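Given the structure is predicted, the values throughout are model-derived calculations rather than measurements.
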Amino acid sequence: MIRRRTLLVASTAAAAASAVTSSAAARPRSGAGKAGRSLHLAPARAQLTALRRRKITSRDLLERYLRHIAAANPDLNAVVTLDADAARTAADEADRHLARTGKPLGPLHGLPLTVKDALETKGLRTTSGSPDLTDHVPGQDADAVARLRAAGAVILGKTNVPTMCQDIQTSNPVFGRTKNPHDDTRTAGGSSGGPAAAVAAGLTSLEVGSDLAGSLRLPAAYCGVYALRTSFGTVPTRGHIPRPPGWLTSSDMLTLGPIARTPEDLGVLLDVLAAPAPADATAWKLDLPAPKHSRLRDYRVGIWQDDPYCHVDKETRDLLGHVAALVRSAGATVDDSTRPVNLADSDELFQRLMYATASATATDEAFADDVAAAEKIPADDPSGLFLRSRTMRHRDWMLANEEREKLRGRWAGYFADHDVLITPATPTAAVDDQTATPVPSRYLTVDGEKRPYFDQTAWLNMAGHVKLPAAVLPAGKTADGLPLAIQIIGPYLADRTVLDVAEHLARLLPDPVRPPAFTA
């Protein structure tokens, strides 16, 4: 029988802090000192270097994380399940291995990490924020989690999501709401709101988020951290909820990808995650191409600053203008007039395909009700997009998929003349938290104008259904000090090119805004 490990951080912070303090006081400390005390706030690459060089032990680094979580997480509610005992065991095993062999376990040797609560973790409760899964303890890891463990990572807990990942704000009946670490009146985004908030606040250096409709990139933009939606098919998705536990298949639009505080750290996790699914690994391997160029000046960069279909606010427009000027000043070729696709048409196709793939897990009774309701909607009624798409016949889906492939062809044509495209990530900085408001009544405000709630992801949706890699990176801040972000989209399988451009830009842009919780 698998031992159940489900310590809830939000309700046990004081006990956790006491346990961590007692444990640390009872054992010798290596790598102590100022650098060791603040190392948990350093980039993952710095932590990994310190671990490999034995400047600090995995156990000591873990204890620093546990203390920081106990102090900072109660106000954020980003980490919702803590597995301190098993994490200590894994950290001690990593330390013994390095001392005995002189070799790390893998590229993530001894690094404490949290994992999104939508990814199954063997022996550790995985709820996806659903009351129906409150006691779900998986018997095996999600494929991506298995890769983390094989690389030597120490899984210390799980981070919060909306119920079944079906919202772009993060709250659920099991664990409650995750707050934006920069302003608790704002949303952290969703569905990877817990992961993004945890990385921003220094509760973990890396996270694995999931992205269907911006679920990875929207929270990263709102919390002021970096994220990469990987090219579709490059990271195995089995074990992600939804689909329900036990399903072998997943959505044809879902990808998993890294969240980090530096673009270089995104590359660290990409190297671990990008691989064939286990069933395919005996026949082929994945070798993502190197970046297209080595210097920013050699890149051909498209800039898409705004669009009538989804206008962005003045601060975001100004940010895109500033980024365009920086890229030009670096000597790169900049094209701010060519558009790869029509944003409105692309977004409509995205919605049709998204609603169709989401119907797979509906009960027979619920789906029958949707079919009956869809049949009553006039064909020319735009309000019927959801139900018509959700219940489309297989022939209609094949036609929509053919439309998607043609759209992919237009993107490929664009990337024959451009290396990357830079766009807004979102229309505004993080919006007000509206988790207590029914979704139909929610909205966002752009330059004083009320706009539909789901306009938040219109720019992110461009990459979602056409399998393209897309990174979000913090690029500035509002007058109120909230993070502002941009998006970089690249050709299919050009994930390393996207990250390389992000690294170049990060050197030119101001340092990301750090929230109050990001303190030693």
Side-chain angles (χ1 to χ4, degrees), residues 42-53 58 61 90 94 97-98 103-116 119 141-155 192 195 199 204-211 216-217 220 225-240 255-278 280-281 284-294 420 467-473 488 490-504 506:
R45 291 208 308 180
Q47 295 181 38
L48 289 166
T49 297
L51 287 165
R52 285 193 297 269
R53 293 178 179 175
S58 176
L61 183 58
H97 176 88
L98 187 60
K103 297 179 181 179
L105 289 167
L108 299 180
H109 173 89
L111 185 68
L113 298 178
T114 57
V115 175
K116 183 176 181 178
L119 289 166
D141 286 325
D143 290 342
V145 174
R147 291 197 60 79
L148 296 179
R149 293 197 204 270
V154 173
I155 307 300
S192 303
V199 171
T204 183
S205 62
L206 296 173
E207 256 278 6
V208 180
S210 53
D211 194 307
L216 169 69
R217 292 163 291 154
V225 292
Y226 297 83
L228 173 69
R229 178 190 169 95
T230 53
S231 293
F232 180 81
T234 58
V235 179
T237 58
R238 190 210 58 78
H240 179 275
T255 68
L256 305 181
I259 305 174
R261 288 190 299 276
T262 71
E264 293 84 2
D265 281 354
L266 293 180
V268 169
L269 202 47
L270 176 64
D271 289 344
V272 170
L273 294 173
D280 301 327
W284 60 274
K285 66 178 181 178
L286 180 65
D287 186 12
L288 291 171
K292 187 73 175 290
H293 305 290
S294 60
V420 295
K467 307 185 179 183
L468 301 179
V472 156
L473 59 153
I488 304 173
Y492 182 57
L493 300 178
D495 300 54
R496 299 196 193 283
T497 288
V498 169
L499 291 185
D500 187 60
V501 174
E503 289 178 24
H504 285 299

Which atom pair, heavy atoms only, marks the closest approach of Leu493 to Leu288?
O-CD2, 3.8 Å
What pair of heavy atoms forms the shortest contact from Leu468 to Tyr492, and how long is it?
CD2-N, 3.5 Å
State whether Asp271 and Arg496 are salt-bridged, where the test is any N-O pair (Lys NZ or Arg NE/NH1/NH2 against Asp/Glu carboxylate O) under 4.0 Å.
yes
Side-chain (Arg261) to main-chain (Pro43) donor-acceptor, under 3.5 angstrom
no
Side chain to side chain, Asp500 and His293, heavy atoms closer than 4.5 Å
no
Do you know the tightest heavy-atom contact between Arg229 and Thr255?
CG-OG1, 3.2 Å
In chain order, what residues pass the salt bridge (charged side-chain N to carboxylate O under 4.0 Å, His left out) check against Lys292, with sequence neighbours excluded?
Asp419
Just wondering, do His240 and Leu256 contact through their side chains at under 4.5 Å, heavy atoms?
yes
Would you say that Leu273 contacts Val208 through its side chain, given a criterion of any heavy-atom pair below 4.5 Å between the two side chains?
yes
Contacts of Asp141 meeting side-chain hydrogen bond (donor to acceptor under 3.5 Å, both in side chains) (sequence neighbours excluded), chain-then-number -> Arg149
Between the side chains of Glu207 and Thr114, does any donor sit under 3.5 Å from an acceptor?
yes
Can you tell me how far apart CG (Leu113) and OG1 (Thr204) are? Round to the nearest 0.5 Å.
5.0 Å
Between Asp143 and Pro278, is any pair of side-chain heavy atoms under 4.5 Å apart?
yes
As an exercise, state the distance from CD of Glu264 to OH of Tyr226, rounded to the nearest 0.5 Å.
8.0 Å
Minimal heavy-atom distance between Ser192 and Ile259, with the atoms involved, is CB-CD1, 4.4 Å
From Lys285 atom NZ to Asp287 atom CG, the distance as rounded to the nearest 0.5 Å:
6.0 Å
Asp495: side-chain hydrogen bond (donor to acceptor under 3.5 Å, both in side chains) partners, not counting sequence neighbours
Ser231
Closest contact, heavy atoms only, Val225 versus Ala260
CB-O, 3.4 Å
What one should report as the nearest heavy-atom pair of Asp265 and Ala44 is OD2-N, 2.6 Å
Side chains of Pro107 and Val268 in contact at under 4.5 Å (non-hydrogen atoms)
no
Using a 4.5 Å cut-off on heavy atoms from C-beta on, say whether the side chain of Pro289 contacts that of Thr497.
no
Take Leu111 and Val154 through the test side-chain contact (heavy atoms from CB on, under 4.5 Å) and record every step on the way to the result.
CA-CA 6 Å; Leu111 185 68; Val154 173; over 6 Å; no
Using side-chain heavy atoms (C-beta onward) and a distance below 4.5 Å, is Leu499 in contact with Ile488?
no
Leu48 CG to Ser58 OG distance, which is reported to the nearest 0.5 Å:
10.0 Å
With a 4.5 Å cut-off on side-chain heavy atoms, are Pro469 and Thr230 touching?
no
